[in-house]
Amino acid sequence: MTTTTRSTTMPELSTREAAPGVLLEALEQSGAVLVRDAGVGGADALADLAAGLDLAALDQPEPFALRRPLGRGVWSQPAWPATSPMCMHHELGWQRQPPPYLLVACLRPASSGGATGVADGRAVLSLLPEDMADRAGEHGWSMVRRYTTGLLGMDWQDAFPGLDAAGVEAYAADEEVELEWGPGGLTTRRTRPAIRPVGRDGTSAWSNLLAFCSEWTMDPAVRAYLVTALGRDGLPFETGYGDGTPFTAEDVATVNSAYERVTTRIDWRAGDVLLLDNLRTAHSMEPSSDDRRTVVLHAGPAAAAHS
């Protein structure tokens, strides 16, 4: 891998500058664009902005944390403790086809903390050890996810709302997900690409959840408690390379270090909207006071959504 380091270059545009063509071209160049003071005060305004960009809302099956539907494909912020960080990730990155775009609107900034970080996966890939990048590129990444009631939080009925067991099995077959039903709940397994071509020129980007969904990303005390209480086979997530090689604590630290070196942080103002190329650019959430309020919309090209 080349050792060139580039921070994520994220344009900040005013509403006067943010014509659809300008906004989408800036996104192509940077992978992330912030529209300051866009005046988005609710779900309808965010949905209107997406429609103006010729983007259509996509569903969000298998969320990492529960969100409330707000209408027109817009969702609330995740049910996640404000005092806990959420590390770098791509929304629904375990899907066979993750949402190409993510729009995040700040309705009310936190009175303290609450910055969002963005990191260009192209720059991240350039910083990773060659053996890690080669293995990930050749074999992809795998994830085991366990849905149970109790200590682990989300059960499968919450992850797949409106589906019975047969519906979940049909969904899994379409998504190329292995299922295992057991007395404790549902276990899923899948393998996905870890490095993806992104943008018009198809440049490779680190685009996976190897670190985000790793058992080693948990607080050490929480992991130790869960292993003691449930056994290692009871952990909510495990990740590894697609060839079965585990993703170690040292691997997680290496990836997170690369993210940190190229991260740009957003200090939100009310009405701001962040537009992300969700395959290219990872994002994170820093701890905050509990009064921050954001809404999100997962999107794809309108023509593709209606074809």
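Note that the coordinates shown come from a computational prediction; the quantities given were computed from them, not determined experimentally.
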Worksheet entry | Results of side-chain contact (heavy atoms from CB on, under 4.5 Å) for A65 - residues two or more places apart only | P78, W80
Fill in: Heavy-atom closest pair, residues E28 and R200
OE2-N, 2.9 Å
Fill in: Which residues share a ring pair (Phe, Tyr, Trp, His ring centres under 6.0 Å) with F160, sequence neighbours left out
Y147, Y171
Worksheet item: Okay, side chain of T217, backbone of C213: is any donor-acceptor separation there less than 3.5 Å?
Response: no
Response to the item:
Taken in chain and number order and not counting sequence neighbours, the residues that satisfy ring pair (Phe, Tyr, Trp, His ring centres under 6.0 Å) with W156 are W181
Item to complete: Please identify each residue that fulfils side-chain contact (heavy atoms from CB on, under 4.5 Å) with D131, with sequence neighbours left out.
Response: P129
Worksheet, complete the sentence: Taken in chain and number order and not counting sequence neighbours, the residues that satisfy ring pair (Phe, Tyr, Trp, His ring centres under 6.0 Å) with F247 are Y241
Enumerate donor-acceptor pairs with a distance under 3.5 Å from any side-chain N or O in residues 31-54 to protein atoms, sequence neighbours excluded.
unit_1: R36; atom_1: NE; unit_2: E12; atom_2: OE1; d: 3.2
unit_1: R36; atom_1: NH1; unit_2: D267; atom_2: O; d: 3.0
unit_1: R36; atom_1: NH1; unit_2: D272; atom_2: OD2; d: 2.5
unit_1: R36; atom_1: NH2; unit_2: D267; atom_2: O; d: 3.3
unit_1: D37; atom_1: OD2; unit_2: R269; atom_2: NH2; d: 3.2
unit_1: D48; atom_1: OD1; unit_2: R72; atom_2: NH1; d: 2.9
unit_1: D48; atom_1: OD1; unit_2: R72; atom_2: NH2; d: 2.8

Worksheet item: Without hydrogens or angle criteria, can the side chains of T188 and R190 be said to hold a donor-acceptor pair below 3.5 Å?
Response: yes
Worksheet item: Who are the side-chain hydrogen bond (donor to acceptor under 3.5 Å, both in side chains) partners of H139, not counting sequence neighbours?
Response: none
Worksheet item: Which ILVMFWY residues are connected to L279, directly or by a chain of links, through side-chain heavy atoms under 4.5 Å apart?
Response: V198
Worksheet item: For the side chain of D219 and the backbone of A221, is there at least one donor-acceptor N/O pair under 3.5 Å apart?
Response: yes
Worksheet item: Can you list the steps and then say if F212 with H90 is a side-chain contact (heavy atoms from CB on, under 4.5 Å)?
Response: CA-CA 9 Å; F212 180 72; H90 303 265; over 6 Å; no
Worksheet item: Who pairs with A170 by side-chain contact (heavy atoms from CB on, under 4.5 Å), at least two apart in sequence or on another chain?
Response: none
Response to the item:
Quick note, ring pair (Phe, Tyr, Trp, His ring centres under 6.0 Å) partners involving residues 11-33, not counting sequence neighbours, are none
Practice prompt. Starting from the C-alpha separation in whole Å, work towards a yes-or-no answer on side-chain contact (heavy atoms from CB on, under 4.5 Å) for R96 and D174.
Written response: CA-CA 9 Å; R96 188 167 56 85; D174 185 60; 3.9 Å; yes
Fill in: F237/F64 aromatic ring centres below 6.0 Å
yes
Worksheet item: Do the numbers put R223 on top of the ring of W216, so that NZ or CZ is under 6.0 Å from the six-membered ring centre and no more than 45° off the axis?
Response: yes
Discussion item. As a quick check of understanding, evaluate side-chain contact (heavy atoms from CB on, under 4.5 Å) for M285 and Q77, giving each step before the final call.
Written reply: CA-CA 11 Å; M285 182 175 66; Q77 63 195 27; over 6 Å; no
Worksheet item: More than 12 heavy atoms of other residues, nucleotides or ligands under 6.0 Å from CZ of R293: is that the case?
Response: no
Worksheet entry | Side-chain donor-acceptor pair present, D251, T248, cut-off under 3.5 Å | yes
Practice prompt. List for me each residue that meets side-chain contact (heavy atoms from CB on, under 4.5 Å) alongside R189, sequence neighbours excluded, and say none if there are none.
Written response: V144, E178, E180, T187
Worksheet item: Does a side-chain heavy-atom distance below 4.5 Å link Q60 with V296?
Response: no
Item to complete: Determine whether W206 and M132 make a side-chain contact, defined as any pair of heavy atoms from C-beta on separated by less than 4.5 Å.
Response: yes
Counting only pairs under 3.5 Å, give me each side-chain donor-acceptor contact of residues 108-119, with atom names and distances, residues two or more places apart or in other chains.
unit_1: R108; atom_1: NE; unit_2: D291; atom_2: O; d: 2.6
unit_1: R108; atom_1: NH2; unit_2: D291; atom_2: O; d: 3.2
unit_1: S111; atom_1: OG; unit_2: S289; atom_2: OG; d: 3.0
unit_1: S111; atom_1: OG; unit_2: D291; atom_2: OD2; d: 3.1
unit_1: T116; atom_1: OG1; unit_2: W268; atom_2: NE1; d: 3.0

Discussion item. Under 4.5 Å between side-chain heavy atoms, counting indirect links through other Ile/Leu/Val/Met/Phe/Trp/Tyr residues: same cluster for I195 and L210 or not?
Written reply: yes
